[in-house]
Structure formats: C-alpha cells, structure tokens
Amino acid sequence: MPPLGLYVHWPYCARICPYCDFNVVRDRGRTEEQAALAQAIIADMTAQRALTGPRRLLSIFFGGGTPSLMDPLAVARVIEIAKALWSPADDLEISLEANPTDAEAGRFEALADAGVARLSLGVQALDDASLKMLGRNHDAGSAKRAVATAARLFPRLSVDLIYARPGQTDAAWREELAQMLAYGPEHVSPYQLTIEAGTAFDRAVGRGKIVPPDEDLAAQLFETTQEVLEAAGFDAYEVSNHAKGAAARSRHNLVYWRGVDYVGVGPGAHGRLTLDGSKVATTARAKITDYIAAVAREGTGFEREDLNPVEAAEERLLLGLRIDDGVAFSEMAALDLRADTPKVKSLVESGLLVDDPHRLRATRHGRLVLDRLTGVLAT
C-alpha cells in the first residue's frame, strides 16, 4: 500500500511566544471546546480515510501549539482510530511536541502510556536570561528536569534549541550544546532565531529593543553547531535537524521532505494527498470554531487546491533539497532539470549542488541559501 503520514494540530498554548507565527491560541480552560475539537479531529480523519483509501501509516505527529496540553485519553483515542483507519507500519513512529514545564513533565508518563514513543521537547535554551528573553514559561531548572524525565520515559527523544539569540557568544553556545548532549537525546533540532514578520519580536526589533547577531556571528554559530554535533556522532541530515544515526531521523519530517502523502487534521493543518494521479494541497480552516463547524457540515475541515505538475515539482524541489538525500532528476521532468542542464552544471561549479548524475543534492552551503538555490532551479 502507498505510504502515508498523519499530522494532528493542537493549537492551544499556555503562553504565546513572541517569535511564534504558528496557528495558536491561549489555553484558558476551554475544556468544552477542546473536547469538541478532539471529536472533530477524529471525524476529519475518518472522512479523509475515504479519500486516501487503504494506506500504510508511517507516522503520527502531534504538533501545535502545545499538544502536551492535550488530554492523554484524547491522544490515545486519536492514535487508536488512526491505526484502525490505516494499516500501521511495523515501525510506526508516534511523536508529540511538548514544552518542558514542570506541569507538562508531570503528564509525560500518561502520554507515554497513550502510545507516544517519541517526544520532541521544546527546550530552546538552558539559561534563565535567554528563556526570559524568548518569552518561555519555563526556567533552566525545569528544562533540565523535563529532559531527564523524558529520557527515562520515552524510547526516542528529540530536543529543540534556538541559537543566534541576542547577546549570545560562540563559547556560551558550545557549552549549552555540551550540556544538552549530556542527557543523551538521539535527535537535536537547533534552529537559528528568525524574526518573522508581524510577531512581537518583529516589533521589538523595529523599536531597537532587540538586536539580533550580525550575519558573521550567526554564520559562526551555525558552523559551531555543525562542528559540535558532528563530533558527538550526529549527522546533519536536514538544514536544522541532526540525528545520531539513520534510525534516529524523524520519520514524520522525512514524509514531508521526501514528498510522501500526509493527512493534516486540526485547525490550520496542512496536508498533501495524491488523488486521481495528481497532487492535492489541503489547508484546514484556521479558526477553531470554523474548523469544528466545517467538519460537522462537510465531513472534512479543509479547503482543497489542486497542484499542477510544475507547482508540484517546485514544492518537491524546495522540500527535497533540505535533506542530504536530495531529489531524483526523474521527479523533475516538469521543470526540465537534468544533470547536464546548464543551470544545474553552473550551480555544481559554484559549490551549491553536489556533482551527482542521478539526483539534485545541495551542499551544506547550498542548504544555507536554499531560497536562492531553488529560485534559480525553478525559473
């Protein structure tokens, strides 16, 4: 059966981070709404099963928002229904994002019992000053306790960190990485702080209250990240994702980056389905009440966009070049890209593409300037 991933979006957060531009809302005891949303997510999954037909389920990923705030019984129910709707792979990966507050860490055991086997923990920093600046609602002590608890309860652990923070030095970042690696995570996702338009951080930068590192320091911090993690046995299989061996790679994220179909459920969730031989993009209604109403009215909560072959190939290119596998030239027919295409040869000569007769693969430097690289290839 063709493979499939499942993304479940839980939009509630205890606090909205000032750098966040995701589809999130404050969690203020909306228990009735949350119960209705859990039911709508299950109904949406069931309706989308009629569209996909029988598939081999590779992964379930609970993202957000903060899905560790979700009732563990609802998490268990979603997992149970998903495994009944599609045929779970022998190595089905079930991941959930969490924040390292003491309150959420107290729910880790229940989430593990619900079926979550891989926790993605949003640590972000290990010093109190940085966590306060990032608007996080945990301190360094609770972060360290949560990492230790997660390492004990979950077979697989991934941690997120943010670098290129205002005032951060190379020496401090090296020490922070070393502290985190001492807990033994199999996967580390270090993200360079990005100032997204319209966020609180964007407004603070505009007022001069926050001054991000200059390009040279940001580049140095990136190189330090690669150096420290490589020395610890991690491979940078994607721009911001490092795994300790192939088995530790995020199978769900690889669903995205390898162009595998995935169902998206929950407010604002995206999906990609191959229907009648064509790629279809689905986008769920962003507002919680609108999503619940749409599922009740129409069965599914998304709006559909049919991608033409060029659009589908451009998306495949953009996502595929993020990982070290790259994209096969056989998938790039709509863009007329081959190993002997002049612009491909030119990008190889400039050090942005690997010299490979079978696949388009970005070099490390090429992945750093991915927008530029894909812009050249897609025109």
**Student:** Should Arg118 and His187 count as side-chain neighbours, where that means a heavy-atom distance under 4.5 Å?
**Tutor:**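 Yes, at least one pair of side-chain atoms sits under 4.5 Å.
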**Student:** Is any side-chain heavy atom of Val295 closer than 4.5 Å to a side-chain heavy atom of Thr300?
**Tutor:**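 With C-beta onward as the side chain, the pair stays apart.
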**Student:** Main chain of Tyr191, side chain of Asp160: is a donor-acceptor contact present, judged purely on distance under 3.5 Å?
**Tutor:**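 Between the backbone of Tyr191 and the side chain of Asp160 there is no qualifying donor-acceptor contact (under 3.5 Å).
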**Student:** Take atom CZ of Arg372 as the centre, draw a 6.0 Å sphere, and report whether it contains more than 12 heavy atoms from other residues, nucleotides or ligands.
**Tutor:**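 No, the 6.0 Å shell around CZ holds no more than 12 heavy atoms from other groups.
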**Student:** Does any N or O in the side chain of Gln39 come within less than 3.5 Å of the main-chain N or O of Ala35, such that one atom is a donor and the other an acceptor?
**Tutor:**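 Answer holds: no.
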**Student:** Flag the pair Tyr183 / Leu157 as yes when at least one side-chain heavy-atom distance between them is below 4.5 Å, and no otherwise.
**Tutor:**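 Sidechains of Leu157 and Tyr183: no contact.
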**Student:** Quick check: closest heavy atoms across Leu37 and Pro11, and the distance to 0.1 Å?
**Tutor:**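 For Leu37 and Pro11, the tightest heavy-atom pair comes out as CD2-CD, 3.7 Å.
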**Student:** Where the side chain of Arg165 meets the backbone of Leu134, is there a donor-acceptor pair that is under 3.5 Å apart?
**Tutor:**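 Judged by distance alone, no pair lies under 3.5 Å.
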**Student:** Please determine if Arg107 and Glu104 form a salt bridge, counting it only when a charged side-chain N lies under 4.0 Å from a carboxylate O.
**Tutor:**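 No, no charged N to carboxylate O under 4.0 Å.
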**Student:** Please determine whether side chain to side chain donor-acceptor pair (under 3.5 Å) holds for the pair Trp173 and Thr225, giving the CA-CA distance in whole Å, both sets of side-chain angles, and the decisive distance to 0.1 Å.
**Tutor:** CA-CA 8 Å; Trp173 178 227; Thr225 304; 2.8 Å; yes
**Student:** Looking at Gln192 and Ala164, what are the two nearest heavy atoms and their distance?
**Tutor:**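 Shortest heavy-atom contact: CG-CB, 3.6 Å.
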**Student:** Just by modelled atom types, is the Ala281 backbone N or O under 3.5 Å from a matching donor or acceptor in the Arg304 side chain?
**Tutor:**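 Side chain of Arg304 to backbone of Ala281, a donor-acceptor pair under 3.5 Å: no, none is there.
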**Student:** Under a single-linkage definition using a 4.5 Å side-chain heavy-atom cutoff for Ile, Leu, Val, Met, Phe, Trp and Tyr, are Phe154 and Val188 assigned to the same hydrophobic cluster?
**Tutor:**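 In one cluster: yes.
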**Student:** Would you say the ring centers of Phe234 and His242 fall short of 6.0 Å from each other?
**Tutor:**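 Not close enough - the centres of the two rings lie 6.0 Å or further apart.
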**Student:** Are side-chain heavy atoms of Leu4 and Leu273 found at a separation under 4.5 Å?
**Tutor:**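 Side-chain contact under 4.5 Å: yes.
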**Student:** Between Tyr7 (side chain) and Gly264 (backbone), is there a donor-acceptor pair under 3.5 Å?
**Tutor:**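 Checked: no pair found.
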**Student:** Given Pro3, which partner from the list Val255, Leu57, Asp261, Leu58 fulfils the side-chain contact (heavy atoms from CB on, under 4.5 Å) test?
**Tutor:**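 That would be Leu58; it is the only one of Val255, Leu57, Asp261, Leu58 passing the side-chain contact (heavy atoms from CB on, under 4.5 Å) with Pro3.
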**Student:** Could you please spell out the steps behind the side chain to side chain donor-acceptor pair (under 3.5 Å) verdict for Gln48 and Asp44?
**Tutor:** CA-CA 6 Å; Gln48 293 203 50; Asp44 194 356; 3.1 Å; yes
**Student:** Do Leu318 and Trp257 make a side-chain contact, defined as non-hydrogen atoms from C-beta onward lying under 4.5 Å apart?
**Tutor:**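 Side chain of Leu318 against side chain of Trp257, heavy atoms only: no contact under 4.5 Å found.
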**Student:** Locate the shortest heavy-atom distance separating Asp235 from Gly245; write the atom from each residue and the value.
**Tutor:**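 Closest pair (atom of Asp235, atom of Gly245, distance): OD1-N, 3.6 Å.
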**Student:** Any side-chain to backbone donor/acceptor pair from His9 onto Ala284? Under 3.5 Å, distance only.
**Tutor:**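 Side chain of His9 to backbone of Ala284: no pair is present.
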**Student:** Determine whether Leu69 and Gln34 make a side-chain contact, defined as any pair of heavy atoms from C-beta on separated by less than 4.5 Å.
**Tutor:**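 No - every pair of side-chain heavy atoms lies 4.5 Å or more apart.
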**Student:** Quick one: which residue pairs count as a side chain to side chain donor-acceptor pair (under 3.5 Å) with a foot in residues 360-371, not counting sequence neighbours?
**Tutor:**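 Side chain to side chain donor-acceptor pair (under 3.5 Å) check on residues 360-371 returns Glu230-Arg364, Asp356-Arg361.
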**Student:** Taking the side chain from Lys244 and the backbone from Gly184, do they hold a donor-acceptor pair closer than 3.5 Å?
**Tutor:**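 Checked: no pair found.
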**Student:** Could you tell me whether a side-chain N or O of Arg285 sits under 3.5 Å from a main-chain N or O of Asp290, the two making a donor and an acceptor?
**Tutor:**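 No, because the side chain of Arg285 does not come within donor-acceptor range (under 3.5 Å) of the backbone of Asp290.
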**Student:** Ignoring hydrogens and angles, state whether a donor on the side chain of His270 or Tyr256 is under 3.5 Å from an acceptor on the partner side chain.
**Tutor:**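 There is no such pair between these side chains.
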**Student:** Can we say Asp128 and Lys132 salt-bridge, meaning some charged N sits less than 4.0 Å from an Asp/Glu carboxylate O?
**Tutor:**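 Salt bridge between Asp128 and Lys132, a charged N being under 4.0 Å from a carboxylate O: no.
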**Student:** Which pairs pass side chain to side chain donor-acceptor pair (under 3.5 Å) with one or both residues in residues 313-328, sequence neighbours excluded?
**Tutor:**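 For residues 313-328, and leaving out neighbouring residues, the side chain to side chain donor-acceptor pair (under 3.5 Å) pairs sorted by first residue read Glu238-Arg322, Arg249-Asp324, Arg258-Asp325, Arg272-Glu315, Arg316-Glu331.
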**Student:** Checking the side chain of Arg49 only, and the main-chain atoms of Leu85 only, is there a donor and an acceptor separated by less than 3.5 Å?
**Tutor:**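 Yes: the side chain of Arg49 pairs with the backbone of Leu85.
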**Student:** Test: salt bridge (Lys or Arg N to Asp or Glu O under 4.0 Å). Region: residues 137-153. Which pairs qualify, not counting sequence neighbours?
**Tutor:**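 Every pair satisfying salt bridge (Lys or Arg N to Asp or Glu O under 4.0 Å) with a residue in residues 137-153: Asp102-Arg145.
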**Student:** Do the side chain of Ser346 and the main chain of Pro342 share a donor and acceptor less than 3.5 angstrom apart?
**Tutor:**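 Judged by distance alone, no pair lies under 3.5 Å.
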